Structures are given as C-alpha cells and as structure tokens.
2 protein chains.
Amino acid sequence: MDIREIARRAKVSTATVSRAINRVPTVDPQLAKRVWKVVDELGYYPNTQARALVLGRSRIFGLIVSEITNPFFPEIVQTFENLAVENNYEILVTSTVHDPKRMESSVRRMIERRVDGVAILTFGMEETLIEHLRFRKVPLVFIDVGPDVPGIANIRINYQNGIRQAVQHLAALRHTRIAFIAGPLHLKSALARREAFKVSMTEIGLSPELIVVGDHRMEGGMSALIELESLSNRPTAVLCSNDMTAIGVMREAYDHNIRIPDDLSVVGFDDIRMAEFTIPPLTTVQMSQHELAKIAFRALLNEVECEPSSQQHHKYELITSLVLRRSTALAPAGGHATTHLKANRATGSRKIPAAGSRS
Amino acid sequence: MDIREIARRAKVSTATVSRAINRVPTVDPQLAKRVWKVVDELGYYPNTQARALVLGRSRIFGLIVSEITNPFFPEIVQTFENLAVENNYEILVTSTVHDPKRMESSVRRMIERRVDGVAILTFGMEETLIEHLRFRKVPLVFIDVGPDVPGIANIRINYQNGIRQAVQHLAALRHTRIAFIAGPLHLKSALARREAFKVSMTEIGLSPELIVVGDHRMEGGMSALIELESLSNRPTAVLCSNDMTAIGVMREAYDHNIRIPDDLSVVGFDDIRMAEFTIPPLTTVQMSQHELAKIAFRALLNEVECEPSSQQHHKYELITSLVLRRSTALAPAGGHATTHLKANRATGSRKIPAAGSRS
DNA sequence: GGCGTGGCAGCAAACGTTTTCTACAACCGC
DNA sequence: GCGGTTGTAGAAAACGTTTGCTGCCACGCC
C-alpha cells in the first residue's frame with residue numbers, strides 16, 4: 001500500500017497526498033480532509049526509506065555504547081530514545097563490547113544506514129574509524145575527547161570535581177590509606193578518573209600509591225579487592241573507577257567477612273540506579289546518565305538541524321558530584337583485622353539439574 | 001557518492017557495479033576486481049535504504065521490550081544484536097515503558113521503518129496494536145502469548161518447572177509460611193508466575209495464601225516486604241516474581257536488620273547477571289536471557305527467510321530451573337524476631353552540594 | 001470584458017539501488 | 001562458413017516518496 005493507492009482512492013494526485021500528509025498549508029482543506037480519511041481507513045503509514053532517499057535525511061541517530069549490559073548505558077539509551085521519539089527520530093544502538101571488529105562493524109552499519117548523526121558514548125574508538133564518519137561529514141558527539149573541529153561536539157566531563165569530593169569525604173573520615181581501583185587504562189575515561197584521584201590525593205597531602213587496575217566490571221572489582229587485601233599496608237577505604245567495580249568489591253568483601261563500611265569504606269563512580277540498592281547503599285560520585293544523554297542528543301540535534309554556517313562550537317560540560325549513602329564510615333582504629341582472606345565463605349553457585357522430585 | 005560514481009570510475013555500468021558488490025558470480029573476475037578497487041579507494045558504502053526500497057526488505061528486525069533499564073533486557077538486546085550482526089540485520093529497539101502511548105509509537109515506528117519482523121518481548125501489548133502488524137503480514141515473535149496462526153511464533157515459557165523447584169527447595173528447608181510477591185497482574189507473565197506458585201504450593205500441601213503484589217521493580221519489592229512484615233503470620237521465606245523485586249526485598253530487609261537468609265529466605269526469578277553479585281548472592285529461578293534471545297531471533301529469521309509455504313509452525317519452549325546461591329537457608333525455629341520494623345537504620349541519600357572545601 | 005494575478009493541483013524528475021530483459025560477442029558443431 | 005548456443009555487460013524500469021515547475025481556474029481590477 002503506497003501513496004499512489006491513497007491518491008487513487010482520494011481522487012487526487014500523489015503530490016497532493018504527500019502534501020496533505022506532511023501538512024503543507026497550501027493544500028485545500030477539503031482535499032486534505034479527504035486524503036486523511038483514506039489514509040486512516042487504509043491504515044497507511046509512509047515508507048520512511050523512500051522518504052529518506054529523496055530527502056537525503058534518514059532521521060536516524062546512531063548511538064554507540066561500550067556494552068549495553070553495563071547498567072550505566074541502558075539509562076542513557078532510554079533517555080536518548082525518549083528524546084528521539086519526541087523529535088521524530090529513530091535510534092540505532094550498537095555495542096562495541098570492547099571488540100575492534102565490532103567497533104568497525106558499528107561504524108559501517110551507521111554509514112550504510114545513512115544515519116544523520118552519531119553519539120559516540122564509548123571510549124577507545126580508533127581514530128581511523130572516526131575518520132570514516134568525519135569523511136562523510138556525519139555530525140558527531142563525543143564524550144571527553146574527539147577532534148576539535150566544527151560539526152563535532154565534545155562533552156567534557158569534570159571528573160575532578162566529584163573525585164575530589166570523594167577523596168575529601170574519605171579524608172574527613174580519617175582515612176589515610178585510600179586505594180583506587182582503576183578501569184582499563186587504555187580508556188581515556190579510566191585514565192582521567194585515575195588522574196583525578198592522584199591530583200585529589202596529592203592536594204590533601206596523601207600519596208596516591210595504592211592503585212590497582214580493574215576492568216570496570218564486577219569481576220575486576222572482586223579480584224582487585226583480593227589484590228588490595230594481600231598488601232601489607234592494606235587500605236581502609238577504596239575508591240572505584242565505576243560502580244560495577246564497587247559492587248564487585250562489596251561482593252568479595254562479603255565473602256571474606258570484611259564489613260562495609262565498618263572495616264572498609266567503599267566509594268563508587270557513576271551513580272547507576274543500582275547504587276541505591278546495594279547492601280549497603282553505595283556512596284558514589286554521580287555522573288548523571290540522564291544529563292549525559294540529554295546533552296548528547298541536544299548537541300546532535302543542534303548539529304543536524306541548525307545552519308552549519310552558525311559554526312556555534314558549543315562547549316558541553318557535565319559536572320560530577322558526590323552522593324553520600326552508607327558504604328563509607330570512620331576509618332577503623334588500627335586498620336581492620338588481618339584474617340580476612342581466611343574467613344572464606346562457601347562460594348560459587350550450583351544449579352539444580354532436573355525437574356526435581358519432592359524432597 | 002553512489003554506485004554511478006563507482007561505475008564511471010571503473011568504466012562499467014551500474015548494473016555491473018551492483019553485481020560485483022553483491023558478489024554475483026556471473027560477473028567477469030577482472031571487472032569485479034576493478035570495481036572492488038574503486039569501491040575501496042573511494043570508501044563507498046551502499047545505501048541500504050535505496051536497496052531496501054527495491055528489494056522490499058529492510059534487513060531490520062524490531063525488538064520491543066518493556067524497559068531497557070530493567071537489567072533483564074539489556075542481556076537480551078545484546079544477544080539479539082550479536083545474532084543480528086552475524087546475519088547482516090539491524091535491530092530497532094524500542095521500550096514501551098508500560099505506557100500505552102509508547103507502545104503505539106513503537107508499533108508505528110516499526111511499520112514506518114518497514115522492519116522485516118518484530119520480536120515482542122514485552123507483556124501487555126494491546127491486541128489492536130498487534131493487529132496493525134499482523135495486518136501488514138509482519139512476522140512476529142511473542143513471549144508466552146499471541147495468536148496461534150502461521151507467521152506468528154510463540155515462545156512458551158515453562159514457569160511451572162522452575163517455580164516448582166523453588167517451592168520444593170524452600171519446603172525442604174522446612175519453610176511453611178512461604179510468601180509470593182507477584183508482579184503487576186495485568187501482565188500475563190506475572191499472572192503465570194503467580195499461578196505456578198499457587199500450583200506448586202498446593203502440590204506439596206501448603207496453602208498459597210501469602211501473596212502480595214509488587215511491580216517487578218526494586219521499589220515494589222521494598223514495599224512488599226514491609227507489607228509482609230506487618231502481617232501476624234509473617235513468612236519465613238519469600239519467592240519473588242522477578243529478581244528486581246528480590247533485590248528490593250533484600251535491600252529493605254537490610255534496613256530492618258532482617259538477616260538474609262538466617263531470618264528470611266529469599267528467592268528471585270529471572271537470574272539476571274546481578275543475582276550473582278547481590279549480598280547475599282541470590283537463589284533464583286533461571287530464565288536464560290541468552291536462550292530467550294536466541295530463540296526469538298531464530299524464530300524471526302525462520303519466518304522471514306524460509307518459504308511461507310513450509311508452514312512449519314515450530315513450537316518454541318524455554319524451560320526454567322532453580323539456581324541455588326546463598327539467599328535461602330533453613331527456616332528459623334520459631335519464625336524470626338518481631339521487632340524488625342523498629343530497628344530502622346537511617347535511610348535516604350544525601351548529596352554533597354558544592355565543590356567541597358576541605359573538612 | 002479582457003487581462004493579470006494568485007492560489008492550488010498535478011506532472012514528472014529525482015533519490016540510489018536491483019534486476020529483468022536485451023544485445024552482443026565468442027565459440028562450437030555441422 | 002554459418003546458425004545456434006552460451007556467457008556476460010548494459011539499458012532501463014522499478015521501488016515509494018518529495019518537490020520544482022507547469023498550467024488551470026477563478027477572481028479582481030481597470
């Protein structure tokens with residue numbers, strides 16, 4: 001069913017149908033009404049790919065994220081989608097899952113579908129891939145980083161602010177041995193957070209020496225805690241590069257009967273929704289996913305719909321700030337007990353194999 | 001840059017370019033090589049919307065989920081995307097966020113973009129909306145429910161199996177007052193789980209009377225626990241309609257110093273990834289998101305790429321089964337203490353307002 | 001009353017592909 | 001050597017829209 005079918009039934013030309021559908025004001029109200037009636041009766045929906053072809057605009061925005069399974073991102077995707085719906089855009093979401101092949105395929109798919117703009121909310125995208133998009137003059141939005149030219153918006157994130165608050169908060173609780181569990185260091189965002197930690201520690205006269213590397217996932221938090229606990233100058237507080245890491249830390253601490261926050265204070269980063277529901281609720285640095293998505297979308301829309309002549313090179317900045325919950329407390333008097341790693345609880349999960357007779 | 005540009009530079013017709021690009025074997029290898037060279041040099045990518053227009057197939061699958069922010073779904077989306085990439089499809093994901101308006105917009109967007117099939121992994125989609133898709137002969141895949149006609153695949157989920165295991169597991173731990181926190185009862189899936197609970201309880205001679213209603217979110221779990229704790233015949237175990245509810249329950253229990261599993265056993269449903277990382281790790285009924293996505297994708301692909309004549313009305317079924325972790329234990333001797341609701345910890349979260357001077 | 005003008009509908013081209021059909025060349029067999 | 005057959009490239013139509021341009025009609029003005 002196409003526009004011609006409508007035209008036939010409404011006894012007008014396809015041009016008139018098109019104009020009626022698109023609410024072009026020069027069309028006679030009576031004709032328009034006739035068209036709408038037929039459109040409605042037949043349940044006609046315009047074919048957006050035909051429209052995109054002639055218009056040269058697809059009304060699709062690409063959204064490239066690291067992994068949609070990381071709870072940080074779904075919130076962004078949701079907000080982004082809400083805004084897209086409001087503005088009559090579609091979104092094409094792809095995960096890079098830290099795989100160069102997938103990054104490449106992400107970019108290729110965006111280009112093939114002729115998206116009108118791409119928000120790159122993943123880190124560690126290769127320069128040459130980005131060049132592919134830039135070459136085609138696809139408007140881009142980056143987090144943190146990206147070339148400093150018109151048509152490309154950068155969202156700067158003020159990591160320092162929130163991390164300084166976190167460090168000062170811990171220091172105020174008399175912690176001196178504060179560890180940092182970094183993210184994968186090939187990611188600029190992870191690097192930036194670690195640097196912010198170093199700066200903040202130095203500012204208050206502590207040496208930022210307890211730094212181990214995680215993977216921004218729960219597993220990395222778990223092994224990082226084991227690593228930290230095996231040290232002779234074990235920390236009394238640990239600041240994590242993201243919330244997932246912090247959740248892993250708390251989970252591992254649970255296995256070793258390390259009490260949070262009594263024995264060990266934990267601070268996360270991101271303030272994902274789950275942070276409010278961990279046990280104990282996680283003190284963390286908020287980096288509003290909602291705001292981030294809003295900024296990214298606005299930036300993209302601005303690039304696409306405004307005159308490129310206006311060359312307005314907006315500076316977008318997202319601030320971060322500490323949210324206090326209950327995973328931090330006064331430093332224990334003499335550091336926490338030394339037997340943690342021995343008090344292992346049973347771990348692992350078993351699965352019931354069959355349908356189960358009554359037991 | 002289009003196929004004609006390539007044709008001009010390779011000194012062949014557009015037909016040959018098209019054939020070369022699509023690896024049609026009848027094209028002269030030498031010509032093909034010439035075309036590929038130009039394609040490569042110019043960084044040409046075919047315009048999929050033009051292709052879709054003439055082919056009548058968009059190579060886009062729609063994926064309608066309830067809320068992408070519910071951790072159950074991102075796993076599905078990821079697996080679905082992986083399969084899509086492998087098979088050269090794109091996915092168009094929309095969240096209904098339990099909003100009729102958004103469901104409508106979801107369906108409209110799917111139709112406008114001319115998707116080749118839709119997996120409806122949300123519950124409570126209105127019949128008339130589905131009719132819109134069926135009317136256009138869009139292949140559909142449903143969870144649980146859906147019209148029983150060719151071109152529409154239903155993934156039946158065996159809730160009973162897993163829930164029976166859960167109930168029997170709790171009974172084996174000498175629990176007799178087992179509560180159930182249901183999901184929103186206008187959802188068929190929530191209803192089915194509750195029914196499975198009732199059946200399972202009855203099977204072992206317990207009466208399924210302790211049933212309260214949640215919302216499949218953490219907040220609902222929290223208030224449901226409060227409700228249950230205010231009862232005179234307070235439960236010693238609670239089975240939740242999904243894991244988010246269970247997380248809410250454990251979080252609320254924490255606030256009231258109800259120990260899990262010592263005072264209260266908790267069982268979830270879904271086995272989201274986070275279930276392994278809660279404190280304590282959550283015993284739950286697994287409903288593999290990975291499998292679910294695989295089945296949905298396969299069903300869709302089957303509907304789209306196979307002869308409609310084959311009429312193979314595959315039955316897809318997903319079984320569920322209990323995963324034991326550490327949120328369940330022997331029932332406390334005389335029920336747990338009665339003072340829970342009074343031993344309230346401080347709650348809520350505060351936010352540090354400004355950049356923070358040293359404290 | 002004639003001409004000019006404004007308003008509005010329709011024709012047709014264009015968007016970038018795929019594919020059918022035609023055409024041409026080369027080769028083979030008789 | 002010629003007709004037939006096979007193999008391969010190109011011309012052109014088609015997919016479903018939008019929109020510039022043309023042209024018609026009616027109205028108003030002189």
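In what follows, every chain begins at residue 1, and chains take the letters A, B, ... in the order their sequences are listed. What you see is a predicted model; the values in this text were computed from it and never measured.
Listed pair B:S13 / D:dA9 fails the phosphate criterion, with no side-chain N or O lying under 4.0 Å from OP1 or OP2. Within the 4.0 Å cut-off from OP1 or OP2 of D:dT17, not a single side-chain nitrogen or oxygen of A:Y45 is found. Residue A:T16 places none of its side-chain N or O atoms closer than 4.0 Å to OP1 or OP2 of C:dA9. Between B:N22 and C:dT18 there is a side-chain N or O to OP1 or OP2 distance below 4.0 Å.
Across all strands shown, A:T26 has heavy atoms under 4.0 Å from sugar-phosphate atoms exclusively, and none from any base. When heavy atoms are screened at a 4.0 angstrom cut-off, B:S18 is found touching base atoms of the nucleic acid.
Checked against C:dC11, C:dG16, C:dT18, the side chain of B:N47 finds its nearest nucleotide in C:dG16. Checked against C:dT19, D:dT18, C:dT17, the side chain of B:R51 finds its nearest nucleotide in C:dT17.
Per the geometry, CZ belonging to B:R113 stands 14 Å off C1' belonging to D:dG16, to the nearest Å. If you take CG of A:L55 and P of D:dG16, they are 17 Å apart, rounded to a whole angstrom. When rounded to the nearest whole Å, the span between CG of B:D2 and P of C:dT18 equals 12 Å. The nearest whole Å value for the distance from the CZ atom in B:R4 to the C1' atom in D:dA12 is 13 Å. Following rounding to the nearest Å, A:Q30 (CD) and C:dG7 (P) show an atom-to-atom distance of 19 Å. Between the CG atom of B:D28 and the C1' atom of D:dT6 there is a distance of 15 Å, rounded to whole Å. Straight-line distance from the CD1 atom of B:I3 to the P atom of C:dG16: 11 Å, rounded to whole Å. Regarding B:R8, its CZ atom lies at a distance of 20 Å from the P atom of D:dA9, rounded to whole Å.
Between B:L53 and B:A15, the residue anchored closer to the 5' end of DNA chain D is B:A15, taking for each the nucleotide with the nearest heavy atom. Both B:P25 and B:R114 lie close to DNA chain D; mapped to their nearest nucleotides by heavy-atom distance, the more 5′-ward contact belongs to B:P25.
Of the N and O atoms on the side chains of B:E86 and B:N82, not one donor lies less than 3.5 Å from an acceptor on the other residue.
Contact of A:R19 with C:dG10 (side chain to base): a donor-acceptor pair of N or O atoms is detected under 3.5 Å.
A salt bridge links B:E81 and A:R109; the closest N-O separation between the charged side-chain nitrogens and carboxylate oxygens is under 4.0 Å.
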Exercise. Take A:D99 and A:K101 through the test salt bridge (charged side-chain N to carboxylate O under 4.0 Å, His left out) and record every step on the way to the result.
Key: CA-CA 5 Å; A:D99 175 359; A:K101 281 233 178 308; over 6 Å; no
Practice problem: Kindly determine whether A:Q78 and B:S95 satisfy side chain to side chain donor-acceptor pair (under 3.5 Å), including the steps that lead there. | Solution: CA-CA 8 Å; A:Q78 182 67 67; B:S95 298; 3.1 Å; yes
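Side chains of A:L300 and A:Y89 form no contact here, defined as non-hydrogen atoms less than 4.5 Å apart.
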